[in-house]
Amino acid sequence: MNHSREKRLHYANLVINNPKLIPKLLAVLFRVDDKISCRAAWVLEFMCHENLEYLIPHLDTFTANIHKVHLDPAVRPIAKICEYLAKAYYAKTPNKIQLHLNPIYQERIIAVCFDYMIHDEKIAPKAYSMNTLYLFGADYDWIHPELVIILERDFQMQSSGFKARAKHILKKLKK
């Protein structure tokens with residue numbers, strides 16, 4: 001599989017049409033030292049974009065292993081899926097993610113997002129993570145103060161993309 005949008009969508013639809021493939025996809029994704037894991041991450045991200053609820057039976061496996069993912073091309077989709085989960089959890093429209101994303105899963109997502117924020121990751125995982133953390137900060141009162149510290153500390157050293165997202169999040173936090 002190449003990394004074209006068309007191919008990622010093709011394989012994501014293959015998984016959507018046959019959800020029994022999800023455990024195999026996750027198994028490949030969590031072979032974290034194998035570059036093929038990045039391709040599995042791309043497919044999983046596209047699947048989650050199309051139908052996030054397909055991940056529900058696999059939330060334990062997903063959240064228990066996301067901290068192991070370290071290759072840059074796989075980290076970005078993981079951070080994006082975490083953002084999808086947070087957005088669904090805090091959506092005004094009732095959905096199944098709200099019923100199944102329990103505190104243990106939330107804490108695992110929060111931990112990996114803070115890891116992305118404090119380690120030398122690219123801008124995309126940091127941007128997705130700061131938004132995810134902002135959302136979870138509605139229920140975890142310690143998150144917002146920690147996020148402010150990180151954003152203000154790293155602001156001058158980061159890219160313009162980081163600065164733009166950080167400004168947006170900081171503005172929302174200081175309301």
Side-chain angles (χ1 to χ4, degrees), residues 3 8 12 15 19 21-49 51-90 96-151 153-154 157-159 161-162 165-166 169:
H3 66 279
R8 286 183 275 175
V15 174
L21 294 174
I22 296 172
K24 291 178 183 174
L25 182 63
L26 290 172
V28 173
L29 168 62
F30 294 124
R31 280 193 273 158
V32 297
D33 294 323
D34 187 340
K35 291 188 179 189
I36 196 80
S37 70
C38 301
R39 294 175 182 194
W42 301 338
V43 171
L44 187 67
E45 178 199 345
F46 268 59
M47 182 205 79
C48 289
H49 181 265
N51 192 333
L52 186 58
E53 291 181 0
Y54 276 47
L55 191 58
I56 290 172
H58 312 283
L59 282 171
D60 189 56
T61 301
F62 177 77
T63 61
N65 290 288
I66 54 178
H67 71 281
K68 298 174 187 173
V69 176
H70 62 88
L71 297 175
D72 284 340
V75 167
R76 192 206 59 74
I78 293 296
K80 185 66 175 171
I81 294 167
C82 290
E83 185 184 49
Y84 288 154
L85 289 165
K87 284 181 172 180
Y89 186 77
Y90 290 100
K96 291 181 182 176
I97 297 297
Q98 294 163 336
L99 301 173
H100 295 280
L101 195 66
N102 69 41
I104 292 169
Y105 303 155
Q106 292 173 26
E107 290 167 13
R108 291 172 181 169
I109 291 169
I110 290 164
V112 83
C113 287
F114 269 116
D115 284 348
Y116 294 162
M117 292 300 299
I118 61 175
H119 291 109
D120 189 28
E121 296 294 344
K122 295 189 175 187
I123 176 59
K126 287 182 182 282
Y128 300 141
S129 294
M130 67 177 82
N131 195 46
T132 300
L133 292 168
Y134 170 76
L135 291 169
F136 281 120
D139 290 326
Y140 296 84
D141 60 359
W142 61 271
I143 291 177
H144 286 167
E146 294 296 320
L147 184 57
V148 168
I149 290 168
I150 292 167
L151 294 177
R153 181 195 69 204
D154 294 350
M157 299 174 289
Q158 292 290 339
S159 69
F162 178 95
R165 181 66 66 98
I169 297 289

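Within the 4.5 Å cutoff, side-chain heavy atoms of Y89 are placed close to those of D139. In this structure the side chain of N131 reaches within 4.5 angstrom of the side chain of K87, judged on heavy atoms. Using a 4.5 Å heavy-atom threshold, the side chains of F162 and L151 count as touching. When side chains are defined from C-beta on, Y140 counts as touching P103, because their heavy atoms get closer than 4.5 Å. By the 4.5 Å heavy-atom criterion applied to side chains, L44 and F62 are counted as neighbours. By the 4.5 Å heavy-atom criterion applied to side chains, L59 and L85 are counted as neighbours. Between I150 and F114 the shortest side-chain heavy-atom distance falls below 4.5 Å. Side-chain contact check for R76 versus E45: some heavy-atom pair is nearer than 4.5 Å.
Within a 6.0 Å sphere centred on CD1 of I118, heavy atoms belonging to other residues, nucleotides or ligands number more than 12. Within a 6.0 Å sphere centred on NE2 of H144, heavy atoms belonging to other residues, nucleotides or ligands number more than 12.
The side chain to side chain contact (heavy atoms under 4.5 Å, CB included) test applied to P73 returns C38, W42, L71, not counting sequence neighbours. Under the rule for a side chain to side chain contact (heavy atoms under 4.5 Å, CB included), the partners of V69 that lie at least two apart in sequence or sit in another chain are F30, V32, A74, V75, I78.
Closest of all the heavy-atom pairs between Q98 and Y90 is NE2-C, 4.5 Å. Listed here is the closest heavy atom pair of L147 and M130: CD2-O, 3.7 Å. Residues S37 and V28 approach most closely at CB-O, 3.3 Å, considering heavy atoms. Among all heavy-atom pairs drawn from H67 and V112, the shortest one is CA-CG2, 3.9 Å. Considering every non-hydrogen atom in both Y116 and I66, the closest pair reads OH-O, 4.0 Å. Nearest approach of L29 to A41, heavy atoms of both residues: CD1-CB, 3.5 Å.
Within the model, atoms SG of C113 and CD of E83 stand 9.0 Å from one another, a figure rounded to the nearest 0.5 Å. To the nearest 0.5 Å, atoms CD (E121) and CG (D72) are separated by 6.0 Å. To the nearest 0.5 angstrom, L55 atom CG is 10.0 Å from Y105 atom OH. In this structure, the separation between CZ on R31 and NZ on K68 is 13.5 Å, given to the nearest 0.5 Å. Atom NE2 in H58 sits 6.5 Å away from atom CG in L26 (nearest 0.5 Å). Note that CG of L101 and NZ of K96 are 15.0 Å apart. Values are rounded to the nearest 0.5 Å.
Looking only at distances, no side-chain donor or acceptor of K126 sits under 3.5 Å from a matching main-chain atom of D120. At least one donor-acceptor pair under 3.5 Å links the side chain of R108 to the backbone N or O of D60.
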